[in-house]
Each structure stands twice: as C-alpha cells, then as structure tokens.
Amino acid sequence: MGWIRKGEGMPDVRQALESDHRTLVECVQKWWGDSRTPDQARELSLLLPKLFLQFFSSTSLVLEDDTGVKAFLVGLHSADNEDVAYIHFVGVDPKLRGQGVARRLYTAFLQRAAEAGREEVRAITSPANTGSIAFHRAMGFDLEEDSVAQFLVAGQAVSR
C-alpha cells in the first residue's frame, strides 16, 4: 500500500505496522482520557489487541505527521466472506476532531476495500454513541435496526 498525500501540511496516511501497536494503545488511553477515567480508557484500549496489527496491518491505516500519530483506523477484509470488509476501531486526536480526519481514513479504507473487490463494509458502534451513528450515516452507512450492537453497513459507499 502506498502513501496518500492530501495537500501541503496535511499528515500522511500510511499502512499500519505491527510496531505501531504500542503507540496506538497509548493514543487510545490518552485521547479518551478526557471523557473517561484512566481505568475506563485503559479498558477501551483492550479492544485493540496486538493481533489486529499482526494479522490485519495491510488493511489498517495510520495518519501521522512529523510529530507522531494523529489518527488511525483498524480494519480488515473478511476471511469468510470475500465481499465484506470491517472497520473495527478508529481513533482521532481530539484536537483534530471535526476536521475531516476520520472521513479521510474511512475514504481511504473504502477505496482500498473496493479495489480488493469488497462490496460491503461494516462497522459497529455503541447504540449510545449518537455522534458515531451520525458520522456513519453521513458516510453512507445504513443502520441495521435488528442488531443489538447496531452494525452499520455501507455497500453503496464502496461501489461508487
């Protein structure tokens, strides 16, 4: 996977590496530390075990500049369904939220998934996370109402 450059001064998006794991865990604990207790932020980081970067680094993305990681997306292509990709975890530095950073990561992931023949992308979020649900809807995802975990599906976003 190559680098994507979006204008001068914008951080680069690159493929994640297994060696990014520690940094991404630290980012989760730091970036969610303002809205959670340290124990809750540490618990959230457990959703990002090293195995995701050991086995799915080629489909995961990191956005960084010369000062470090600014955002990341951990995603994968399903091994059981060749038409499906899945976005597992996304983190954006709170200083950059609302500036299109997550949209940029999702767009890159959706593009790469489409190039790999994936026709559907799924993600999951908490039913209480109304900001995430709104973001996914704005990205072209549809809410699966019958799912307790509220999966979001974007078949159309990939096939554009």
Partner residues of Asp93 under the salt bridge (Lys or Arg N to Asp or Glu O under 4.0 Å) criterion, sequence neighbours left out
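With neighbours one apart ignored, the set is empty.
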Taking only residues two or more places apart in sequence, or in another chain, which ones meet Asp39 in a salt bridge (Lys or Arg N to Asp or Glu O under 4.0 Å)?
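Result, salt bridge (Lys or Arg N to Asp or Glu O under 4.0 Å) vs Asp39: Arg42.
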Nearest-0.5 Å distance, [atom1] of residue [X] to [atom2] of residue [Y]:
| X | Y | atom1 | atom2 | result |
| --- | --- | --- | --- | --- |
| Phe55 | Leu76 | CZ | CG | 12.5 Å |
| Glu64 | Thr23 | CD | OG1 | 9.0 Å |
| Lys70 | Arg104 | NZ | CZ | 13.0 Å |
| Ile133 | Arg137 | CD1 | CZ | 6.5 Å |

Nearest heavy-atom neighbours spanning His77 and Ala113:
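For His77 and Ala113, the tightest heavy-atom pair comes out as NE2-CA, 3.8 Å.
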Quick check, are the ring centers of Phe135 and Phe141 under 6.0 angstrom apart?
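Not close enough - the centres of the two rings lie 6.0 Å or further apart.
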Under 4.5 Å between any side-chain heavy atoms of [X] and [Y], yes or no?
| X | Y | result |
| --- | --- | --- |
| Asp65 | Asp12 | no |
| Arg14 | Asp20 | yes |
| Leu24 | Leu53 | yes |
| Leu63 | Val101 | yes |
| Ser60 | Leu73 | no |
| Asp83 | Arg118 | no |
| Phe72 | Val13 | no |
| Val121 | Leu110 | yes |

Taking side chain to side chain contact (heavy atoms under 4.5 Å, CB included) as the definition, give me every residue that meets it alongside [X], ordered by chain and number, with sequence neighbours left out.
| X | answer |
| --- | --- |
| Glu18 | Lys50, Gln54 |
| Val84 | Ser78, Asn81, Glu120, Arg122 |
| Thr130 | none |

Stepwise side chain to side chain contact (heavy atoms under 4.5 Å, CB included) check, Val62 with Gln15
CA-CA 6 Å; Val62 172; Gln15 177 182 317; over 6 Å; no
Only pairs at least two apart or in different chains count here, so list each ring pair (Phe, Tyr, Trp, His ring centres under 6.0 Å) that has a residue in residues 23-53.
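Pairs touching residues 23-53 that pass the test: Trp32-Phe89, Phe52-His88.
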Hey, is the main chain of Val92 close enough, under 3.5 Å, to the side chain of Arg97 for a donor-acceptor pair?
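Confirmed, Arg97 side chain pairs with Val92 backbone.
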If we ignore hydrogens and angles and just use 3.5 Å, is the side chain of Thr59 paired with the main-chain N or O of Gly75 as donor and acceptor?
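Judged by distance alone, yes, a pair lies under 3.5 Å.
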For side chain to side chain donor-acceptor pair (under 3.5 Å), just list the numbers for Tyr106 and His136, CA-CA rounded to whole Å, side-chain angles, deciding distance to a tenth of an Å, and then say yes or no.
CA-CA 10 Å; Tyr106 269 68; His136 284 88; 2.7 Å; yes
By ring-ring contact (aromatic ring centres under 6.0 Å, His included) - contacts of Phe56 (at least two apart)
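By the ring-ring contact (aromatic ring centres under 6.0 Å, His included) rule, Phe56 matches no residue at all.
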Which residues satisfy the ring-ring contact (aromatic ring centres under 6.0 Å, His included) test with Phe109, sequence neighbours excluded?
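ring-ring contact (aromatic ring centres under 6.0 Å, His included) check on Phe109 returns nothing, list empty.
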Transitively linked via ILVMFWY side-chain contacts under 4.5 Å: Val90 with Leu61?
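The answer is yes; both residues are in one hydrophobic cluster.
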Do Val69 and Cys27 pass the side chain to side chain contact (heavy atoms under 4.5 Å, CB included) test, and can you show the C-alpha distance, the side-chain angles, and the key distance before you say yes or no?
CA-CA 8 Å; Val69 172; Cys27 287; 4.1 Å; yes
